[in-house]
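Below is one structure, written out as structure tokens; the observations come after it.
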Amino acid sequence: MTNIILLGPPGAGKGTQAKRLEEARGMVQLSTGDMLKEAIAKGTDLGKRVEGIMARGELVTDEIVIGLIEAKMNDGAQGGFIFDGFPRTLKQADALGDLLSRTGQTLDSVIEMQVDDAALVARVTGRFTCGNCGAVYHDVTYPTKVQGVCDVCGSTNMKRRADDNEETLKTRLMEYYKKTSPLIGYYYAKGRLSAVDGLAEVDAVAEAIAKVLDKP
Ligand code: AP5
């Protein structure tokens, strides 16, 4: 069982690679962004509380996301967890450490997906996802084989995110540099950090991640 964090700015490719790892290794993706978006789609109280914050590109409170992760970790995962978009602050990182040690688990690897800001605008403005199975696509770099039809499940329910525009991306990036990027030093100091080139093609990034995970 391997527990890992995919760390990187918005559009770095965390979700894309998490889905690959689920398929290849039977791991379970825990994306706080997806959990929050689901709450918004369902119109729950939580969804109503976070909708405006997320549309502005700001982070929701630590307490909310720590609670979401804790609930999901209780379900367990035989192949291990892929933490995608969590932790995003030092407080969340400490909480994850506590949750793992309380359940007798370890954090095996933190993979920093390195990209540059210029590429991220094109990445997020071209992104669309399958509303049924969550598969992630891109208008130019990763289109569906048949236009408008999901390669994975055949659904035609494709979605675009409200926060995937240039203006909101600026706030999301600022939040990343101010609050999340300190985690790079945090996990380096703990001896858990590895970096991969997130600008490479999707398959090449997947191979680089596999090399990190399979390192003896
Ligand atoms: P969240 O949903 O986590 O969004 P994010 O971190 O901004 O990350 P993204 O989903 O935008 O990008 P990604 O790295 O997954 O890239 P993807 O694989 O899709 O969070 C949304 C919001 O929720 C936050 O702003 C915040 O408000 C809130 N939130 C969530 N977690 C929180 C937390 N822990 N604490 C506080 N608030 C929280 O790829 C992007 C595009 O690029 C796709 O189109 C894809 O096809 C394409 N692509 C991917 N890889 C490649 C490649 N190698 N080459 C070319 N194209 C590629």
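In listed order, ligands and their atoms are each counted from 1.
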Any nitrogen or oxygen of [X], main chain or side chain, under 3.5 Å from a nitrogen or oxygen of ligand 1?
X    : value
D84  : no
G13  : yes
G85  : yes
D164 : no
I53  : no
P10  : no

I need the contact type for [X] against ligand 1. Using non-hydrogen atoms and a strict under-4.0 Å cut-off, is it side chain, backbone, both or neither?
X    : value
A200 : backbone
V60  : both
R161 : side chain
L36  : side chain

Find out whether L100 and L96 are in side-chain contact, i.e. whether some heavy atom of one side chain is under 4.5 Å from a heavy atom of the other.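 In short, these two side chains touch, coming nearer than 4.5 Å.
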Students should be able to answer this: which protein heavy-atom is nearest to atom 2 (O) of ligand 1, and at what distance?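 Answer for atom 2 (O) of ligand 1: K37 NZ, 2.7 Å.
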For atom 48 (N) of ligand 1, find the nearest protein heavy atom and state the residue, atom name and distance (0.1 Å precision).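 That would be R123 CD, 3.7 Å.
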Option whose closest heavy atom lies nearest to atom 20 (O) of ligand 1, chosen from R88, K14, M54: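 Heavy atom nearest to atom 20 (O) of ligand 1 belongs to R88.
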Those residues that, when tested against Y187, pass ring-ring contact (aromatic ring centres under 6.0 Å, His included) (two or more places apart):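 Residues passing ring-ring contact (aromatic ring centres under 6.0 Å, His included) with Y187: none at all.
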So does Y177 have more than 12 non-hydrogen atoms from other groups sitting under 6.0 Å from OH?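 Above 12, so yes.
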